[in-house]
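These notes concern the structure reproduced below.
Residue numbers begin at 1 in each chain, while the letters A, B, ... track the order of the sequences.
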Amino acid sequence: MALKLYNTLSRKVEEFKPLVDGKVSMYVCGPTVYGHGHLGHAKSYISFDIVVRYLRYIGYNVMYVQNITDVGHLTDDADEGEDKLAVAAKKEHIHPMALAEMYTASFFEDMDTLNCVRPDISPRATGHIPEQIELVETLIEKGYAYEANGSVYFDISKFPEYGKLSGRNIEDMLAGARIAVSQEKKSPCDFALWKKAEANHIMQWNSPWGKGYPGWHLECSVMSMKYLGKTIDIHGGGIENQFPHHECEIAQSEAANGVQFVKYWLHNNMVTVNGQKMGKSLNNFINLKALFAGDHETLSRSYDPLAVRQLILQSHYRSPIDFSDAGLTAAQSGYDKITDAVIALRKAIANAPDGGVDAKIAEELEAIKTKFDNAMNEDLNTAVGLSVIFEMVKMTNALLDGGKATKGTLVAIDSLFRLLGGDVLGIVKDEYAAASAGDDELLDHLIGMMIQQRKDAKANKDYAASDAIRDKLAGFGILLEDKPGGECAWRRK
RNA sequence: GGCGGCGUGGCCAAGUGGACUAAGGCGCUGGUUUGCAAAACCAAUAUUCAUGGGUUCGAAUCCCAUCGCCGCCUCCA
């Protein structure tokens, strides 16, 4: 069975067929770097991270480009207001490019923490000003754009397909009262390709139309074309970018090149916080660093980044997701359950009796993988994909409880955990920080002493003393687990 | 006003015409284990899929209506 993806352009789930056999070109709208990453970024980039990982898992050679927007978008709408980066930079008393640098680093850090694979290319908008100017020139030459008072606008009337992605028509939009009217534009729907800069505008470049800066849709068209070609397989982004951003990208690119810009348009849905829209202007967004540190008024604790990732994977990428403390706690519990099972499994491998893979288990693992593949092939049903991981957890725990599984069997299970849970879903790690021996040898000795004391107390039926030791360690985040046969293991919580 | 989505157990969430007497997670309850816990395992937890009609041999899944919620249309992932 082949991969199927929901294509916003056709509003249908379609079988995915790349332009070139075995290769996929994919562009995802990246962040505007004027603040730390937040939950919305997490949802979006984890969603597309899954797309990339799954495509690679099923054998495609993927070229993944995700831009960094470090200029140009305005605080208000396409034609008014200030450059968001400039506003933030002014507030922090640093140069806009220093601000962009800082938040770009922060963004990469957060995405690494969420275990998102790095894009192959992360092009910056400011690094592609000449290319953007070239595209504007091309559009003017071909009659799709016009200059007015040092700015250049795309002439929507020359591109009848405008609206095909978002299902809008120009008449309806003209009837709407919310479109800002500019004297320079022939039609209120025309959008800026290049904006004339006032003298006090920090970020500005020379152009054939005087000093200015690029319009806010231009960079994606240009960088997509430059690194992936005139027609690409997949373009992803948040659903709110469907209109106008992606609509404008299509207009610019297809007008300039005369060929289809993108085969498959993928859009992820939005995030709400406690049932309410999370928006920049609402100022209710939870930034990722605060989330990982538990440093937010609505959060009772910190959350493991991969538990956040798991929460996102529990629902479909095209569904909205609500973040709440309760939801995060539930996801964290589930994540811990998987992690504990995998750690226990890997520990057990060392002491397991030699032997090959149990035939029945091998068969079950095969069925599990098939179920996983089928779910993911249906427009990336990560919720079912995750449920498969939980089936493996159950299988693992049952086998470990039985204590008779061979090394070969356990290794086979671990391999599948690494493949499906690790390579594809990104929630199972290759290595976990040593929870007992190894690096923490000293800690292990010390806790071992406590465990021995507790054991002695228990032997004397001094349960008050033994429970006090357990409680005290729990207070430090150390959980004791009594095993059958009087053994006691410890792990961090 | 235009466009789109959603409403499934206490919570989250998959399923979108027939193996659904509805996956999975969290939670709760009972059991095994334990001195007691924790962890793990086993069992139980929706005769029902917002409501009312309709189509069909058959609907959570299709159609219509009603109610409720949400998003986009302005920067946002």
Side-chain angles (χ1 to χ4, degrees), chain A residues 8 11 28-32 34-35 37-48 73-84 163 166-169 171-173 175-180 216 236-245 267-272 275-282 285 310-311 314-316 318-322 324 326-338 340-341 344 371 375 378 381-391 393-394 396-398 400-402 458 461-463 466-467 470-471 474 479-484 489 491 493:
Chain A
T8 308
R11 283 151 209 269
V28 172
C29 285
T32 303
Y34 67 109
H38 52 69
L39 281 175
H41 294 109
K43 162 106 171 149
S44 189
Y45 299 121
I46 286 172
S47 298
F48 292 109
H73 293 192
L74 303 175
T75 52
D76 206 344
D77 62 41
D79 305 310
E80 306 296 328
E82 293 178 83
D83 183 311
K84 288 184 298 192
S166 53
R168 286 155 216 269
N169 61 67
E171 295 79 66
D172 285 345
M173 287 187 287
R178 299 185 67 186
I179 294 170
W216 57 290
I239 200 169
E240 83 288 353
N241 282 143
Q242 235 173 63
F243 185 90
H245 186 53
H267 292 98
N268 67 277
N269 217 128
M270 311 282 281
V271 162
T272 55
Q276 212 198 0
K277 166 192 160 80
M278 189 179 82
K280 296 229 156 140
S281 42
L282 290 179
F285 53 93
Q310 182 165 313
L311 176 57
Q314 258 163 25
S315 65
H316 192 88
R318 283 192 288 117
S319 300
I321 187 167
D322 185 53
S324 63
L328 284 160
T329 301
Q332 180 77 55
S333 296
Y335 173 73
D336 289 342
K337 187 172 174 172
I338 294 172
D340 291 347
K371 184 176 173 185
E378 281 299 320
N381 191 334
T382 52
V384 171
L386 242 187
S387 77
V388 164
I389 303 299
F390 279 104
E391 283 177 31
V393 167
K394 200 165 193 176
T396 300
N397 286 328
L400 295 184
D401 267 15
K458 281 169 69 171
K461 301 222 186 293
D462 183 359
Y463 296 120
S466 69
D467 288 353
R470 186 173 64 198
D471 293 347
L479 292 187
L480 298 187
E481 294 181 349
D482 290 331
K483 303 290 182 190
R491 65 191 174 92
K493 190 64 192 174

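- Across all non-hydrogen atoms, the minimal contact from Arg318(A) to His267(A) is CG-O, 3.5 Å.
- Residue Asn397(A) is in sugar-phosphate contact alone, with no base atom involved, counting any heavy-atom pair closer than 4.0 Å across all strands shown.
- With sequence neighbours left out, Asp322(A) forms a side chain to side chain contact (heavy atoms under 4.5 Å, CB included) with Thr272(A), Ser324(A).
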Are any protein N/O atoms closer than 3.5 Å to N/O atoms in nucleotides 15-25 of chain B? If there are, list each pair with its distance.
| residue | atom | partner | partner atom | Å |
| --- | --- | --- | --- | --- |
| G15(B) | OP1 | Asn381(A) | ND2 | 3.1 |

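- Remark: Asn241(A) is in phosphate contact with C76(B), judged by side-chain N or O atoms under 4.0 Å from OP1 or OP2.
- Checked against A77(B), A40(B), C36(B), the side chain of Asp401(A) finds its nearest nucleotide in A40(B).
- In this structure, the salt bridge (Lys or Arg N to Asp or Glu O under 4.0 Å) partners of Asp467(A), at least two apart in sequence or on a different chain, are Arg470(A).
- Comparing the P positions of G1(B) and U48(B) gives a spacing of 37 Å, expressed to the nearest Å.
- The salt bridge (Lys or Arg N to Asp or Glu O under 4.0 Å) search around Asp336(A) returns Lys493(A), not counting sequence neighbours.
- Between Ala331(A) and Leu311(A), the shortest heavy-atom distance links the atoms CB-CB, 3.6 Å.
- Residue-level contact check: Arg470(A) touches the bases, meaning some heavy atom is under 4.0 Å from a base atom.
- In the set A77(B), A13(B), A37(B), A13(B) carries the atom at the smallest distance from any side-chain atom of Ser315(A).
- A residue-by-residue look at Leu480(A) and Leu311(A) shows that Leu311(A) has its nearest nucleotide of RNA chain B further toward the 5' end.
- Lys458(A) is linked by a side chain to side chain contact (heavy atoms under 4.5 Å, CB included) to Arg454(A), Tyr463(A), Ser466(A), Asp482(A), counting only residues two or more places apart in sequence or in another chain.
- Using C1' as the reference atom, C70(B) and G10(B) are 23 Å apart when rounded to the nearest Å.
- Listed candidates were G35(B), C73(B), A37(B). Nearest to the side chain of Tyr463(A) is G35(B).
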(request) Would you write the dot-bracket representation of RNA chain B, where each base gets (, ), [, ], | or . depending on whether it forms a Watson-Crick or G-U pair under 3.5 Å and with which partner? (result) ((((((((.[[[..)..(.....]]](.((((.......)))).)....[[[[[..)....]]]]])))))))....
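- Judged as a side chain to side chain contact (heavy atoms under 4.5 Å, CB included), and not counting sequence neighbours, the contacts of Ser44(A) are Phe48(A), Asn268(A).
- Scanning for salt bridge (Lys or Arg N to Asp or Glu O under 4.0 Å) contacts around Lys371(A) gives Glu391(A), with sequence neighbours left out.
- Residue Ser166(A) is classed as a sugar-phosphate contact, given heavy-atom separations below 4.0 Å to backbone atoms only.
- Across all strands, Ser319(A) comes closer than 4.0 Å only to sugar-phosphate atoms, never to a base (heavy-atom distances).
- Residues passing the side chain to side chain contact (heavy atoms under 4.5 Å, CB included) test with Ser315(A), sequence neighbours excluded: Lys43(A), Ile321(A).
- Nucleotides of RNA chain B nearest to Ala398(A) and Arg11(A) differ in position, and the one nearer the 5' end is that of Arg11(A).
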